[in-house]
J.: 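This is the structure I want to talk about, given as structure tokens.
Side chains included, hydrogens not; waters and symmetry mates left out as well; all remaining heavy atoms used. Predicted model only: the values in this text are computed from it and were never measured. This chain uses plain numbering: 1 for the first residue, then up along the sequence.
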Amino acid sequence: MMISKVKNAMSTLVGGMMPHGHHHHHNHHPGGGGGQPGGPGDSLPPRFPYGRPDFLDLTPELLQYSTEHASRPVLTLKRDSRLPWRTGYAEVINAGKSMLNEDQASCEKLFVKKPSGKHRNSSLLEDNGVSEQESMNEDGTGIPLHFWGVFDGHAGSGAAIMASKLLHRLIRDRLGEICHLMENPTSAPPICLAKNGSPYQADAKKGAAQETEGPDAVTDSSVRFHMEKVVSLESLVMGVIETAFSQMDDLIEKEKTSYAISGGCCALAAIHLMGKLYVANSGDSRGIIIRNNEVIPMTNEFTPESERQRLQYLGFLRPELLGNEFTHIEFPRRIQHSELGKKMLYRDHTMTGWAYKTIVEDDLKFPLIYGEGKKARVMATIGVTRGLGDHDLKVYNSNIYIKPFLSCVPEVKVYNVDENKHGPDDVLVMGTDGLWDVTTDREVAEAVSAYLSCCDPSDPMRYTLAAQDLLMRSRGVLKERGWRLPNERLGSGDDITVFVIPLAGQEPET
């Protein structure tokens, strides 16, 4: 009876189709489409049903329990679970901002291989959700790829769920296109590829492209002669990751015509490939490496304040995107009508500092970026400037789309795992902003290092227990005045998702 009740309850929640307030959005939500109430998406099925990461292996009862806002239970891996690299994981739902946990996560071990002719044009859009390429890679051969991702959803969990299911596969499939170079990393990358994926080389005499017989031919001196830049394998992998994020964003937009995919999400992914760790961040989640108690930041946060000049420049170049309602110029405060003709401090896209200008009628419009810190918003609506989804997001009660100002492209940083020696307490910590809102990089590093130093190095749960400890430090304890930290500061009321990944935990590859 309990299971059927849970199933009935969950059936009304699938796909994140009931967006509630989230700190990334203002207190209102744009109407229309994407599974938002009153929009055309209401009648569409979800792309993926709501759930927690597959590796948690939750029963329906535990899934329902995970949504309890009052108790905010901490979910961790079961003791008999094993993620690659002995990865640790913990998560907790928010204190009531949204009905469901809008964070999602994925952790996968995949294999990159050269696509054969019949697989070159395989698609992730097949009805069963598994492409021919996916089936081909299930035999466990190829170049090993490890993937960790955290996806912080807003205005619903639909985009975050979809990205958690598909982004790693898009990256894997795109890496297949340069697999011949990874297998022979000393060869120069071809200037261009034929439609079928074969390398082209340039004819030194005619300047024309001629198809080569295979990957070995790209070492021909004529290719090197015509290459204007030296392109490293590392930069090719970075380009694959960047384009896979864009492909994921396009896929969300395309599938919104057939499925209810609510909201958008910040995306943070770590990819380990051939001895290097590529950390790609699109949003305000954060990743840090802790090595010998030293903190190595692997991400920058993308917010209205950190990307002010990019946003202002777009508003300056394309004023029609501002809908005659906003100004791209920033002022220290809202301008009053009585201040027309007076001089006021301002800055635009060309400026880091402030200067004075005479106030004109146009300056009375609402600022494109307004507010400070966590309260800063783009067009008074959204508090992050990079991520996936949000294609239907509009300024409240208007037809002004915000998506043109939101970038899906991540910043990718590279860490060479093989060139550094790591002890059992050296880790990569990945977390959604619910963790970092109340805990600094240094506090996280000290907490993780202190916890791991007290753990049995042979305990397979040590990294999950460290993740749980970290999460509980940011969540705090429920008291009369809400969730509080030991110093009585407010704890995080947001969804929190944490990976603790040991850098010395690579499994020997066969």
Side-chain angles (χ1 to χ4, degrees), residues 19-34 36-39 97 154-156 262-266 283-284 301-387 389-408 433 437:
H20 283 238
H22 187 286
H23 76 279
H24 286 166
H25 278 79
H26 210 50
N27 291 330
H28 54 255
H29 293 278
Q36 295 173 8
K97 289 182 179 180
H154 46 255
S262 57
C265 67
C266 296
D284 64 355
E301 293 174 31
F302 294 104
T303 65
E305 289 184 310
S306 70
E307 293 214 274
R308 170 186 65 84
Q309 286 174 286
R310 176 180 74 80
L311 301 173
Q312 287 182 320
Y313 187 46
L314 180 57
F316 167 75
L317 286 179
R318 298 188 58 194
E320 70 276 9
L321 296 176
L322 301 174
N324 208 32
E325 298 286 337
F326 295 88
T327 172
H328 72 278
I329 296 175
E330 181 184 12
F331 299 96
R333 59 169 172 78
R334 284 298 310 276
I335 307 299
Q336 306 300 314
H337 199 275
S338 60
E339 293 171 316
L340 280 170
K342 295 182 180 178
K343 290 200 168 183
M344 175 72 75
L345 285 171
Y346 85 103
R347 61 180 176 179
D348 65 14
H349 64 279
T350 65
M351 301 167 65
T352 302
W354 295 81
Y356 283 95
K357 79 180 291 288
T358 301
I359 299 301
V360 297
E361 193 79 30
D362 255 11
D363 298 330
L364 300 179
K365 294 175 181 175
F366 201 85
L368 169 63
I369 300 165
Y370 189 70
E372 286 187 307
K374 296 298 287 185
K375 294 182 179 179
R377 294 287 182 271
V378 179
M379 293 179 159
T381 305
I382 189 167
V384 288
T385 53
R386 297 202 191 190
D390 289 313
H391 297 92
D392 292 338
L393 185 62
K394 295 180 185 177
V395 175
Y396 181 63
N397 207 22
S398 81
N399 280 316
I400 302 172
Y401 282 92
I402 298 174
K403 181 66 174 178
F405 292 93
L406 309 180
S407 171
C408 62
D433 69 327
D437 282 348

J.: Is Tyr370 close to Arg334 at the side-chain level, that is, under 4.5 Å between some pair of heavy atoms?
T.: yes
J.: Test side chain to side chain contact (heavy atoms under 4.5 Å, CB included) on Thr352 and Gln309; report intermediate values, then the result.
T.: CA-CA 8 Å; Thr352 302; Gln309 286 174 286; 4.2 Å; yes
J.: Pair Thr327, Leu322 - check side chain to side chain contact (heavy atoms under 4.5 Å, CB included), show working.
T.: CA-CA 7 Å; Thr327 172; Leu322 301 174; 5.9 Å; no
J.: Between CD1 of Ile369 and CD1 of Ile329, what distance do you get to the nearest 0.5 Å?
T.: 12.5 Å
J.: Can you confirm whether more than 12 heavy atoms, excluding those of Glu320, are under 6.0 Å from its CD atom?
T.: yes
J.: The test is side chain to side chain contact (heavy atoms under 4.5 Å, CB included); show your working for Val378 and Glu307 and say whether it passes.
T.: CA-CA 10 Å; Val378 179; Glu307 293 214 274; over 6 Å; no
J.: Say you draw a straight line from NZ of Lys374 to CG of Asp433; how long is it, rounded to the nearest 0.5 Å?
T.: 4.0 Å
J.: What distance separates Glu372 CD from Thr303 OG1, expressed to the nearest 0.5 Å?
T.: 12.0 Å
J.: Donor-acceptor pairs under 3.5 Å, side chain of residues 400-407 to any protein atom, not counting sequence neighbours: which ones?
T.:
{"residue": "Lys403", "atom": "NZ", "partner": "Asp249", "partner atom": "OD1", "Å": "3.0"}
{"residue": "Lys403", "atom": "NZ", "partner": "Asp249", "partner atom": "OD2", "Å": "3.2"}
{"residue": "Lys403", "atom": "NZ", "partner": "Gly389", "partner atom": "O", "Å": "2.6"}
{"residue": "Ser407", "atom": "OG", "partner": "Val409", "partner atom": "N", "Å": "3.1"}

J.: Are any non-hydrogen side-chain atoms of Tyr346 and Pro332 less than 4.5 angstrom apart?
T.: no
J.: For Asp348, enumerate each residue passing the salt bridge (Lys or Arg N to Asp or Glu O under 4.0 Å) test, keeping only those at least two apart in sequence or located in another chain.
T.: none
J.: Partners of Arg333 by salt bridge (Lys or Arg N to Asp or Glu O under 4.0 Å), sequence neighbours excluded?
T.: Glu339
J.: More than 12 foreign heavy atoms under 6.0 Å from OH of Tyr313: is that the case here?
T.: no
J.: Could you measure the distance from the CZ atom of Arg310 to the NE2 atom of His349? Nearest 0.5 Å is fine.
T.: 14.0 Å
J.: If you round to the nearest 0.5 Å, how far is CD1 of Ile335 from CD1 of Ile359?
T.: 4.0 Å
J.: Taking all non-hydrogen atoms of both residues, which atom of Ala155 and which atom of Ser262 are closest, and how far apart?
T.: O-CB, 3.7 Å
J.: May I ask you to test the Met344-Thr358 pair for a side-chain heavy-atom distance under 4.5 Å?
T.: no
J.: Within the structure provided, determine whether Glu361 and Leu340 are in side-chain contact (heavy-atom separation under 4.5 Å).
T.: yes
J.: Step by step, would you call His154 with Val384 a side chain to side chain contact (heavy atoms under 4.5 Å, CB included)?
T.: CA-CA 10 Å; His154 46 255; Val384 288; 3.9 Å; yes
J.: Determine, stepwise, if the pair Arg308 / Glu330 fulfils salt bridge (charged side-chain N to carboxylate O under 4.0 Å, His left out).
T.: CA-CA 9 Å; Arg308 170 186 65 84; Glu330 181 184 12; 3.6 Å; yes
J.: Is a side-chain N or O of Glu301 found less than 3.5 angstrom from the main chain of Gly283, in a donor-acceptor match?
T.: no
J.: Taking all non-hydrogen atoms of both residues into account, name the closest pair between Pro304 and Ala376 and its distance.
T.: CG-O, 3.7 Å
J.: Tell me whether Lys357 at atom NZ has more than 12 heavy atoms from other residues, nucleotides or ligands lying less than 6.0 Å away.
T.: yes
J.: Around Phe331, counting heavy atoms of other residues, nucleotides and ligands shown, do more than 12 lie under 6.0 Å from its CZ?
T.: yes
J.: Might you point out which heavy atoms bring Phe366 and Ala380 nearest each other, and give the distance in Å?
T.: CE2-CB, 3.8 Å
J.: Enter the distance from Asp392:CG to Lys394:NZ here, rounded to the nearest 0.5 Å.
T.: 7.5 Å
